[in-house]
Amino acid sequence: MDNSLEQKIEQSAQILVNSRFAVALSGAGMSAESGIPTFRGNEGLWKEFSAKELATPEAFLKNSKLVWQWYNMRKEKISKAKPNAGHYALAKIQEIIPLHLITQNVDNLHNDAGSKNTIEIHGNIFLARCLQCGHVSELKSYDNDEPLCPVCFEGKLRPHIVWFGEQLDQKNLQRVFTWLDSCDTMLVIGTSSQVYPAAGFASDVQANGGTVIEINPQPAAQAHITLNGTSGEILPPLLKAIERNKNSLEHN
Ligand code: BJW
């Protein structure tokens, strides 16, 4: 690791340790080192698959079987994936400082790594919602492309995912904005910052006077500090630096 990156990690750790209320926003890059493809870029899902045909309410109305087949394929892959070093380091950081986590990811890996109270703003791939009674249930299987509601037994289930053109859950969004209003430091990890409303969160924090730190091998956010590298490379040394700074703060 070059000197300037080490210095920036140290500077970020000091900011985070002195922060009153910090928020992290993660995106698909966070899970790339767990073998889960991102959406954009050369290796991204949208190179091979059409977002319009698979991740919109119109697509589900037109061909729910196709949409379920795509989600089942992804679910099978995701269910075999494990959290990576970045997920584990972030969960440990949350034990040391007040860091609240918002994720755009639907893969559950932050929770598997031990993060608590994560707001999953785009849903969760292991949940399904009934189109008739609205009940949300766990659906771990990945072999059924016409699942029915286990509660009303009549309604068709859809993935409990936020598709393009759909509103995010309002309760989640209210909690997010409460966090953003209180936040003095934000970590933006592994997102291309192209999809709204999440893409606007960092500017909201900056407008309130907060500091934004980005972790990404191809930085994309408006940040005060850019830690150029993958989340698996950057978060473990950031954790170490936070531990060091916290210890020296407590011993002074
Ligand atoms: C690494 C790494 C490593 C790689 N370590 N990093 C305002 C302006 C313009 C448009 C809109 C707007 N407001 C709303 C819209 C419409 C739309 C939108 O934003 N469109 C844009 C594309 C322009 N937004 C919506 O429709 C949202 N709904 C909404 O706002 O409702 C109100 C409304 C509706 C309509 C009009 C106006 C208002 C809903 C968005 C739902 C997004 N859903 C998806 C798919 C479902 C999830 C699933 O099936 O899994 O969510 S799209 C997809 O993109 C997925 C992701 O969560 C989301 C964000 O992607 P992310 O996480 O940033 O991934 P990538 O692949 O883009 O980037 C990966 C990054 O990682 C890169 O930067 C790499 O460099 C980096 N990286 N390896 C660290 N190891």
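Both counts, for ligands and for their atoms, begin at 1 and track the order of listing.
- Contact check on K52 versus E58 returns no salt bridge, with no Lys/Arg side-chain nitrogen under 4.0 Å from an Asp/Glu carboxylate oxygen.
- Here the OG atom belonging to S34 is positioned 3.5 Å from the CG atom belonging to N84, to the nearest 0.5 angstrom.
- Using a 4.5 Å cut-off on side-chain heavy atoms (C-beta onward), L90 and L99 make contact.
- A heavy-atom cutoff of 4.0 Å around ligand 1 is satisfied by the protein residues G27, A28, G29, A32, E33, T38, F39, R40, Y71, R74, Q104, V106, H122, I161, V162, W163, F164, G165, E166, Q167, L168, G190, T191, S192, Q194, V195, Y196, P197, N216, P217, Q218, T230, S231.
- The aromatic rings of F60 and W163 lie tilted to each other, with the angle between the two planes from 30° to 60°.
- Every residue two or more places apart in sequence or in another chain that forms a ring-ring contact (aromatic ring centres under 6.0 Å, His included) with H110 is listed here: H87.
- Within the 4.5 Å cutoff, no side-chain heavy atoms of W68 are placed close to those of E146.
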